[in-house]
Amino acid sequence: MTLKVVAGTAHPVLASAVAEHLGLTLAACLVERFPDGEVQVELREDVRGADVYVVQPTGPPAGEHLLELLLLADACRRAGCARITAVVPYFAYARQDRRVRGGEPVGARLVADLFGAGGFARVVAVDLHSAAIEGCFGMPLEHLSAVPLLADAVRSTVSGNAVVVTPDLGAVKLAERYARLLGLPLAIVYKQRVSGSEVRVRGLVGEVRGRAPLVVDDMISTAGTVAAATTTLLDAGCLPEITVVASHALLVGPAIERLRTLPLRALVTTDSVAMPVSVAVPAAVAVPVRAMSLAGLLGDAIRRLFADQPLGDLVAPG
Ligand code: R5P
């Protein structure tokens, strides 16, 4: 069986890097829009009998990227591929994993069902908002983690007086992993979401006075969570030397403006979604952004899956 890597338009740079890591080039395909805005895809390479991996994070605009992914899967399936895997470094709708109010959908479940309808045999994702989302999927979900990569990236800059801080109760397990890997204590900021872009801090547990915080989260969207946590930590007497670590940096809405106002030493993240142009240009943000590439992690995972080998250390602990 041959191995093929296919990409939509969400992140061709990462997809190409993954293919390169595997010693391949991306399978030729067209992904465009019809004049009425419909997504048009067409494979321009034979995938019959192949083990196909479609690399497509569902970062903004999530709906467009999701539909491209599903149409690519349908095209591969109808072209006779043997098996098709969705490689979704950032999985959108993961935060809609339960109903907070009665009138809401369970978006994560619906999107997981769409992956099944698209014909995917398996899904590969990185640092999902909640590991429990696995239960939404009818097919196997391989949940990889960028935490070791990110912990290594900050290790040399972390001093003995640092403290790992989770800005959200939902990220406590994630923060515990960073604390363990870096040998640091842990503090917890308890936040309450007011709206899609606004949060309110309800409390802080742990000692941060005189310490340099390492604020860790699964993702930064509008940076409201990071901004609220930073203000709380400064009020509590932490050093104005704050590093933010997040697996996914969407940086939408007011995110850049908010980050500019914070005394951040660095924002360390991955390339799970394509960075907005305003961030890719370093002068646009006062805070240095370091995006560690997931190409090696994803490429290694694909290589092992293709060879039916266990993913071992690549997988997020349960
Ligand atoms: C929330 O539950 C997540 O772990 C993140 O804290 C949140 O999604 C970040 O969003 P924002 O940057 O918009 O506050």
Side-chain angles (χ1 to χ4, degrees), residues 57-62 88-101 104-109 111 125-134 136 143 145-147 150 164-179 186-205 213-234 242-262 264 266-270 272-276 278-279 285 287 289 291 316:
T58 49
V88 191
Y90 169 70
F91 179 78
Y93 287 92
R95 289 181 290 176
Q96 296 188 36
D97 55 347
R98 66 204 154 86
R99 297 195 307 159
V100 179
R101 284 173 287 275
E104 295 178 341
V106 182
R109 171 61 198 259
V111 172
V126 179
D127 290 334
L128 288 163
H129 174 62
S130 155
I133 289 168
E134 179 172 6
C136 293
H143 185 192
S145 181
V147 170
L150 291 169
V164 171
V165 179
T166 169
D168 178 35
L169 280 182
V172 170
K173 274 195 162 182
L174 182 82
E176 280 175 345
R177 289 180 61 206
Y178 279 104
L186 177 65
I188 300 168
V189 172
Y190 171 40
K191 103 181 171 197
Q192 192 179 34
R193 187 160 283 288
V194 179
S195 70
S197 63
E198 300 292 334
V199 300
R200 184 184 305 134
V201 170
R202 304 303 297 259
L204 166 66
V205 180
L214 190 73
V215 178
V216 302
D217 207 348
D218 59 309
M219 63 184 285
I220 301 176
S221 180
T222 66
T225 301
V226 164
T230 300
T231 306
T232 302
L233 294 167
L234 291 168
I242 299 169
T243 303
V244 175
V245 182
S247 302
H248 312 290
L250 304 190
L251 305 181
V252 294
I256 303 298
E257 284 310 313
R258 282 174 168 164
L259 290 175
R260 262 200 205 115
T261 63
L262 305 176
L264 300 188
L267 164 58
V268 184
T269 184
T270 74
S272 66
V273 293
M275 281 274 171
S278 54
V279 181
V285 276
V287 47
V289 178

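As the structure lists them, so they are numbered: ligands from 1, and atoms in each ligand from 1. Being a predicted model, the structure only gives us computed values, none of them experimental. Values reported hereafter were calculated over all heavy atoms of this structure, with side chains retained and with hydrogens, waters and symmetry mates removed.
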Practice task
Find out whether Arg193 and Val100 are in side-chain contact, i.e. whether some heavy atom of one side chain is under 4.5 Å from a heavy atom of the other.
Solution key: no
Practice task
Output all residues satisfying side chain to side chain contact (heavy atoms under 4.5 Å, CB included) with Thr232, sequence neighbours left out; order by chain, then residue number.
Solution key: Val201, Leu204
Fill in the blank from the handout: CG of Asp218 to CG of Leu128, rounded to nearest 0.5 Å, is 9.0 Å
Practice task
State, with a plain yes or no, whether a side-chain heavy atom of Tyr178 is found less than 4.5 Å away from one of Leu150.
Solution key: yes
Problem - For ligand 1, the residues whose heavy atoms come within less than 4.0 Å (ordered by chain, then number) - result: Arg95, His129, Asp168, Lys191, Arg193, Asp217, Asp218, Met219, Ile220, Ser221, Thr222, Ala223, Gly224, Thr225
Practice task
May I have all residue pairs that pass salt bridge (Lys or Arg N to Asp or Glu O under 4.0 Å) and include part of residues 244-258, sequence neighbours excluded?
Solution key: Glu198-Arg258, Glu257-Arg260
Problem - Sequence-distant partners of Ala316, side chain to side chain contact (heavy atoms under 4.5 Å, CB included), two or more places apart - result: His143, Ser145, Arg177
